[in-house]
Amino acid sequence: TGFLAPRLQGLSPAPEHGLTQQRYDDPARCPQTLAPQDCGRQFPTLGGGNPALQPVTSRKWTAGGVFTPIRELSLSAEYVSILLDDRINFFPAALIFDECPDGVTGRTCYLLHRGPIDPMYPALPGPIVQVDQFLSNLGKAKVSAVDVNVQYVAPKQAWGQLKIDFDGTYNIEHLEQQVDGSYVDLAGRYATSGGNPGVIPRWRHYLVIDWSRGPWAVTLTENYQTGAYEPSLVTGTAGQRRIGDYDVWNLGVTHIGFRHWTLSAGIKNLFARDPPFSNQNQSVQVGYDPSYADPHGRLYWVGARYAFR
């Protein structure tokens, strides 16, 4: 069982004014007025803390084991299940407008504040003057996954010693409670739920291969995750498009043959892998997902460290 109290700044009612990241239509007024204040507009937002926040609680249980068939090899697997209650975050604007389809009576319409009724449109509600995005307790989340690990240390040979370490995680489910009480599985999808946009990959792993001999050491690493699905932006379609897998290799060389000195050099993104294309619109960076991808391409680095001892 876990317990996480809200941070002090999360409890502070100090207002944070801004604008919605994307442009939206006022569903109650835009079809009738077609006015710039109601259509394709970035609406003012009010964010900040909430003195009424409740602590986040969690329950977790695990089951696993380790198998060592030979001294040099270790295999392990662990099942993890976590239940979070009263998650703390803010409602993203996209969710607010999606769950308030008529602009008046939807589940999140209470977060849309309106001004006085316009005399030119007496049958319509007043224009939206503010969208509330202060912190709230957003219900439950249920997460389960399997973690696996493989470690191998080869016997030392004349040509050196090889070590391999593999860590992988398979996300079985990532259920987040919606405003209507139902749950949506976000594993393998790009999600904006809870104000934390990003991909929740079905599988990801990190591989480390080390070779060493005398003062020399070489390290090759792989960081891999499967792609995910996101809404298609093709006009007239409501389907999903797949974000590609992301696989980045890095190489490093270290030499400790000089007294007190450690010299190193390497290459990040050895194969110059570009981030997979994403049409996400939750970040100022576009064309890829900056929550995990790096657009810099291949990078070379060198380093030197001197130890006083």
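This one's a predicted model, so the numbers in the text were calculated from it and none came from an experiment.
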Quick one: do Phe258 and Leu263 satisfy side chain to side chain contact (heavy atoms under 4.5 Å, CB included)? Show the steps, please. CA-CA 9 Å; Phe258 301 103; Leu263 306 178; 4.0 Å; yes

Contacts table for residues 51-59: side-chain donor-acceptor under 3.5 angstrom, sequence neighbours left out:
{"from": "Gln54", "atom 1": "NE2", "to": "Ala52", "atom 2": "O", "distance (Å)": "3.3"}
{"from": "Ser58", "atom 1": "OG", "to": "Gly2", "atom 2": "N", "distance (Å)": "3.4"}

Before you tell me yes or no, could you show the steps for Arg87 and Asn137 under side chain to side chain contact (heavy atoms under 4.5 Å, CB included), namely the whole-Å CA-CA distance, both residues' side-chain angles and the distance that decides it to 0.1 Å? CA-CA 5 Å; Arg87 296 175 299 122; Asn137 291 107; over 6 Å; no

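- At distances below 3.5 Å, not a single donor-acceptor pair connects side-chain atoms of Asn171 with backbone N or O atoms of Glu173.
- Note on residues 218-231: pairs passing salt bridge (Lys or Arg N to Asp or Glu O under 4.0 Å), not counting sequence neighbours, are Glu230-Arg241.
- Within the structure, no pair that satisfies the ring pair (Phe, Tyr, Trp, His ring centres under 6.0 Å) test touches residues 104-146, not counting sequence neighbours.
- For Pro15, the side-chain contact (heavy atoms from CB on, under 4.5 Å) criterion is met by His17, Leu46, not counting sequence neighbours.
- Between Tyr206 and Thr221, some side-chain heavy-atom pair lies under the 4.5 Å cut-off.
- Phe90 contributes atom CZ, which lies 8.0 Å from atom CG of Leu135 (distance to the nearest 0.5 angstrom).
- With a 4.5 Å cut-off between side-chain heavy atoms of Ile, Leu, Val, Met, Phe, Trp and Tyr, the cluster of Leu175 takes in Tyr183.
- Although no hydrogens or angles enter the test, the distance criterion places no donor-acceptor pair under 3.5 Å between the side chain of Arg114 and the main chain of Pro127.
- Residue pairs meeting the salt bridge (Lys or Arg N to Asp or Glu O under 4.0 Å) criterion with at least one partner in residues 64-86, sequence neighbours excluded, are Asp85-Lys140.
- Using a distance-only test at 3.5 Å, with no hydrogens or angles considered, a donor-acceptor pair links the side chain of Gln42 to the main chain of Thr20.
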Throw together a table of side-chain donor-acceptor distances under 3.5 angstrom for residues 269-277, partners on residues two or more places apart or in other chains.
{"from": "Asn269", "atom 1": "OD1", "to": "Ala272", "atom 2": "N", "distance (Å)": "3.3"}
{"from": "Asn269", "atom 1": "OD1", "to": "Arg273", "atom 2": "N", "distance (Å)": "2.8"}
{"from": "Asn269", "atom 1": "ND2", "to": "Arg273", "atom 2": "O", "distance (Å)": "2.9"}
{"from": "Arg273", "atom 1": "NH2", "to": "Asp245", "atom 2": "O", "distance (Å)": "2.4"}

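- Linking Ile, Leu, Val, Met, Phe, Trp and Tyr residues whenever their side-chain heavy atoms come within less than 4.5 Å places Tyr224 and Leu207 in a single cluster.
- Heavy atoms from other residues, nucleotides or ligands lying under 6.0 Å from NE2 of His296 number 12 at most.
- Here the CD1-SG distance, from Ile128 to Cys30, works out to 10.0 Å after rounding to the nearest 0.5 Å.
- If you take CG on Leu19 and OG1 on Thr45, they are separated by 6.5 Å, rounding to the nearest 0.5 Å.
- Arg202 places a side-chain N or O within 3.5 Å of a backbone atom of Ile172 that can act as its donor or acceptor partner.
- For His205 and Phe166, the ring centers are positioned less than 6.0 Å apart.
- Applying the side chain to side chain donor-acceptor pair (under 3.5 Å) rule to Asn50 yields no partners; only residues at least two apart in sequence or on another chain are considered.
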Chi angles and distances behind the side chain to side chain contact (heavy atoms under 4.5 Å, CB included) call for Val66, Ser74: CA-CA 7 Å; Val66 179; Ser74 172; 3.7 Å; yes

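- With rounding to the nearest 0.5 angstrom, the CZ atom of Arg23 is 11.0 Å from the CG atom of Asp25.
- Side chains of Tyr229 and Tyr190 form no contact here, defined as non-hydrogen atoms less than 4.5 Å apart.
- Under the 4.5 Å side-chain criterion, counting only non-hydrogen atoms from C-beta, Ile243 is in contact with Val199.
- Under the salt bridge (Lys or Arg N to Asp or Glu O under 4.0 Å) criterion, the residue pairs touching residues 118-128 are Arg29-Asp118, with sequence neighbours excluded.
- A distance of 9.5 Å separates CD1 in Ile256 from CZ in Arg305, rounded to the nearest 0.5 Å.
- Under the rule for a salt bridge (charged side-chain N to carboxylate O under 4.0 Å, His left out), the partners of Glu99 that lie at least two apart in sequence or sit in another chain are Arg107.
- By the criterion of side-chain heavy atoms lying less than 4.5 angstrom apart, applied directly or through intervening Ile, Leu, Val, Met, Phe, Trp or Tyr residues, Val143 is not grouped with Tyr170; the two fall into different hydrophobic clusters.
- Pairs passing the ring pair (Phe, Tyr, Trp, His ring centres under 6.0 Å) check and including a residue from residues 43-68, sequence neighbours excluded, read Phe43-Phe97, Trp61-Tyr79.
- For Trp261 against Ala304, the heavy-atom pair with the smallest separation is CZ3-CB, 4.1 Å.
- Hydrophobic clustering, with ILVMFWY side chains joined whenever heavy atoms are under 4.5 angstrom apart, groups Trp249 together with Val253.
- Arg213 places a side-chain N or O within 3.5 Å of a backbone atom of Ala158 that can act as its donor or acceptor partner.
- In this structure, Asp38 contributes its side chain and Thr33 its backbone to no donor-acceptor pair below 3.5 Å.
- For the pair Leu251 and Trp301, the tightest heavy-atom approach, listed with the atom from each and the gap, is O-NE1, 4.4 Å.
- A donor-acceptor pair under 3.5 Å links the side-chain atoms of Thr108 to the main chain of Ile96, judged by distance alone.
- Listed here is the closest heavy atom pair of Cys109 and Gly103: SG-C, 3.7 Å.
- A single hydrophobic cluster is seen to contain both Ile209 and Val218, as judged by linkage of ILVMFWY side chains at heavy-atom distances under 4.5 Å, directly or through other members.
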Derivation of the side chain to side chain contact (heavy atoms under 4.5 Å, CB included) call for Leu112 and Cys100: CA-CA 9 Å; Leu112 302 178; Cys100 184; 3.8 Å; yes

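- Pairs engaging residues 159-168 under the side chain to side chain donor-acceptor pair (under 3.5 Å) rule: Asn149-Asp165, Asn149-Asp167 [sequence neighbours left out].
- Taken together through direct or relayed side-chain contacts under 4.5 Å among Ile, Leu, Val, Met, Phe, Trp and Tyr, Val208 and Ile164 form parts of separate hydrophobic clusters.
- In this structure, OG in Ser144 is found 9.5 Å from CD1 in Ile82, a value given to the nearest 0.5 Å.
- A donor-acceptor contact shorter than 3.5 Å links the side chain of Gln280 to the backbone of Tyr288.
- Counting heavy atoms from C-beta outward, Leu73 and Thr68 have side chains that stay 4.5 Å or more apart.
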Walk me through it: do Asp210 and Thr219 pass the test side chain to side chain donor-acceptor pair (under 3.5 Å)? CA-CA 5 Å; Asp210 280 319; Thr219 301; 2.5 Å; yes

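- Panel note: side chain Thr226, backbone Trp203; a donor-acceptor pair is recorded below 3.5 Å.
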